[in-house]
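None of these values were measured; they are calculated from a predicted model.
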Amino acid sequence: MSKGLFIGLNVRNAVGKAVVYCLLCAGAIVILMPFAWMHVFRWPPEFIPNPVVLENYPRALTKLPFDLYLGNTLLIVGATLIGELGVSAVVAYAFSRLRWRGRDALFIVVLATMMLPRQVTLIPDFLIFRYFGMYDTYWPLVIPSWFGNPFYIFLIRQYFMTISRELDEAALLDGCSKFGVFWRITLPLSVPVLAAVAIFSFQYHWNDFFRPLIFLSDTDKATLALGLRYFQGTYGTEWNSLMAASLVVMMPLIIVFFFAQRIFIQGVVFTGYK
């Protein structure tokens with residue numbers, strides 16, 4: 001390879017990386033815009049607070065029982081995460097590793113349900129749960145998750161299909177059951193996609209505002225999302241306290257993604273079995 005061609009390739013790679021980093025920086029600025037919103041009522045805006053008033057955080061978190069809201073949210077998130085992760089993985093295994101009549105047709109039906117907005121089924125859901133006396137309980141928020149999530153089923157199925165079937169055949173020849181293959185071989189090899197699904201589920205149910213608003217009426221059963229709305233309705237003019245509480249509620253999502261981002265990205269891009 002000539003020296004000029006080598007230099008040209010290096011320049012092209014450097015330009016490509018520069019463009020990618022510029023796009024990433026632009027996306028990061030867009031994502032960080034909610035932080036800039038904290039300073040919208042100050043002119044000129046102060047992106048670095050001066051002075052730093054840390055008292056806003058304990059003041060905001062003690063005006064309403066955010067510790068109670070946190071416990072309620074963790075209960076809902078934990079129950080729904082276990083249900084969606086476990087059920088979706090089992091269903092995805094059946095669609096990807098087992099052979100049975102009508103499998104592909106039923107999988108298309110499962111995918112078709114993704115096109116049905118949740119708002120369309122809201123009224124029937126509400127009437128059903130009220131009929132069974134589950135209104136103002138956590139059951140309407142938890143039970144649907146234990147029937148699987150079509151998107152998570154699709155995501156896990158696609159990952160399962162990248163795992164070599166020779167591993168399944170070898171385990172079956174050694175006397176392992178099909179559930180044993182699923183539990184001892186398929187799941188351990190699918191940690192990235194399971195982590196991605198767990199993060200998706202955690203983020204959705206942690207931020208969920210609409211369904212708790214519909215199915216919960218007792219303020220003592222409220223989640224953090226509802227708690228922030230109660231805070232805004234009661235102390236709407238105290239923007240410093242509201243922004244402090246919002247930042248605290250958002251921090252768990254940032255921390256979870258920060259520590260799991262590598263395995264999360266691996267699961268999304270389907271690195272598969274190598």
Side-chain angles (χ1 to χ4, degrees), residues 31 69-96 107 110-122 125 129 134 137-163 182-183 186-216 221-228 246 248-272:
I31 293 174
Y69 301 156
L70 175 62
N72 299 338
T73 304
L74 290 176
L75 177 62
I76 296 172
V77 169
T80 54
L81 192 151
I82 294 173
E84 287 182 338
L85 195 62
V87 174
S88 298
V90 172
V91 175
Y93 181 79
F95 279 129
S96 61
F107 180 66
V110 172
L111 293 182
T113 61
M114 296 173 57
M115 297 183 290
L116 191 65
R118 292 180 180 268
Q119 290 78 6
V120 174
T121 61
L122 179 62
D125 287 348
F129 286 119
M134 296 182 183
T137 68
Y138 295 141
W139 290 116
L141 308 179
V142 175
I143 288 178
S145 300
W146 284 82
F147 287 89
N149 183 293
F151 175 68
Y152 300 157
I153 293 172
F154 167 77
L155 203 66
I156 300 175
R157 173 189 179 271
Q158 296 303 109
Y159 196 97
F160 283 174
M161 293 182 67
T162 64
I163 301 176
F182 166 74
W183 184 258
T186 307
L187 285 185
L189 293 175
S190 306
V191 172
V193 71
L194 296 178
V197 169
I199 294 175
F200 278 132
S201 177
F202 176 81
Q203 179 184 15
Y204 174 80
H205 294 289
W206 184 272
N207 289 328
D208 190 14
F209 171 78
F210 186 65
R211 291 185 67 86
L213 178 65
I214 298 298
F215 290 104
L216 298 177
K221 298 177 182 178
T223 60
L224 287 173
L226 287 179
L228 289 177
S246 301
V248 173
V249 172
M250 184 171 53
M251 285 303 298
L253 298 175
I254 299 175
I255 294 173
V256 168
F257 182 78
F258 177 79
F259 286 102
Q261 57 180 322
R262 178 174 298 181
I263 196 170
F264 169 77
I265 294 172
Q266 289 177 357
V268 173
V269 298
F270 309 127
T271 54

**Item:** Any residue meeting side chain to side chain donor-acceptor pair (under 3.5 Å) with Thr186, in chain and number order, not counting sequence neighbours
**Value:** none
**Request:** Please list, chain by chain and in numerical order, all residues satisfying side chain to side chain donor-acceptor pair (under 3.5 Å) with Asn72, sequence neighbours excluded.
**Result:** Tyr138
Could you pull out all donor-acceptor pairs under 3.5 Å where a side-chain atom in residues 80-89 meets a protein atom, sequence neighbours excluded?
unit_1 : atom_1 : unit_2 : atom_2 : d
Thr80  : OG1    : Ile76  : O      : 2.7
Thr80  : OG1    : Val77  : O      : 3.1
Glu84  : OE1    : Ser201 : OG     : 2.6
Glu84  : OE1    : His205 : NE2    : 3.4
Glu84  : OE2    : His205 : NE2    : 3.2
Ser88  : OG     : Glu84  : O      : 2.6
Ser88  : OG     : Asn149 : N      : 3.3

**Item:** ring-ring contact (aromatic ring centres under 6.0 Å, His included) partners for Tyr69, two or more places apart
**Value:** Phe66
Check [X] against [Y] and note the closest heavy-atom contact, atom names and distance.
X      : Y      : value
Ala92  : Ser96  : O-OG, 2.7 Å
Asp208 : Phe210 : OD1-N, 3.4 Å
Leu189 : Pro192 : O-CD, 4.3 Å

**Prompt:** Any donor-acceptor pair under 3.5 Å linking the side chain of Trp146 with the backbone of Ala79?
**Reply:** yes
Once you round to the nearest 0.5 Å, how far does [atom1] of [X] lie from [atom2] of [Y]?
X      : Y      : atom1 : atom2 : value
Arg211 : Ile214 : CZ    : CD1   : 9.0 Å
Phe200 : Tyr152 : CZ    : OH    : 7.0 Å
Met250 : Asn207 : CE    : CG    : 9.5 Å
Leu74  : Leu70  : CG    : CG    : 4.5 Å
Phe215 : Lys221 : CZ    : NZ    : 14.0 Å

Output all residues satisfying side chain to side chain contact (heavy atoms under 4.5 Å, CB included) with [X], sequence neighbours left out; order by chain, then residue number.
X      : value
Val256 : Ile199, Phe202
Phe209 : Leu213, Ala225, Leu226, Arg229
Val248 : Tyr57, Leu61
Leu111 : Phe107, Met114, Phe154

**Message:** When you compare the side chain of Leu141 with that of Leu216, does any pair of heavy atoms fall below 4.5 Å?
**Reply:** yes
**Request:** Find out whether Pro150 and Ile153 are in side-chain contact, i.e. whether some heavy atom of one side chain is under 4.5 Å from a heavy atom of the other.
**Result:** no
**Request:** Would you sort out whether Tyr93 and Ile156 count as a side chain to side chain contact (heavy atoms under 4.5 Å, CB included), showing the intermediate values?
**Result:** CA-CA 8 Å; Tyr93 181 79; Ile156 300 175; over 6 Å; no
**Item:** Trace of the side chain to side chain contact (heavy atoms under 4.5 Å, CB included) decision for Leu75 with Val142
**Value:** CA-CA 10 Å; Leu75 177 62; Val142 175; over 6 Å; no
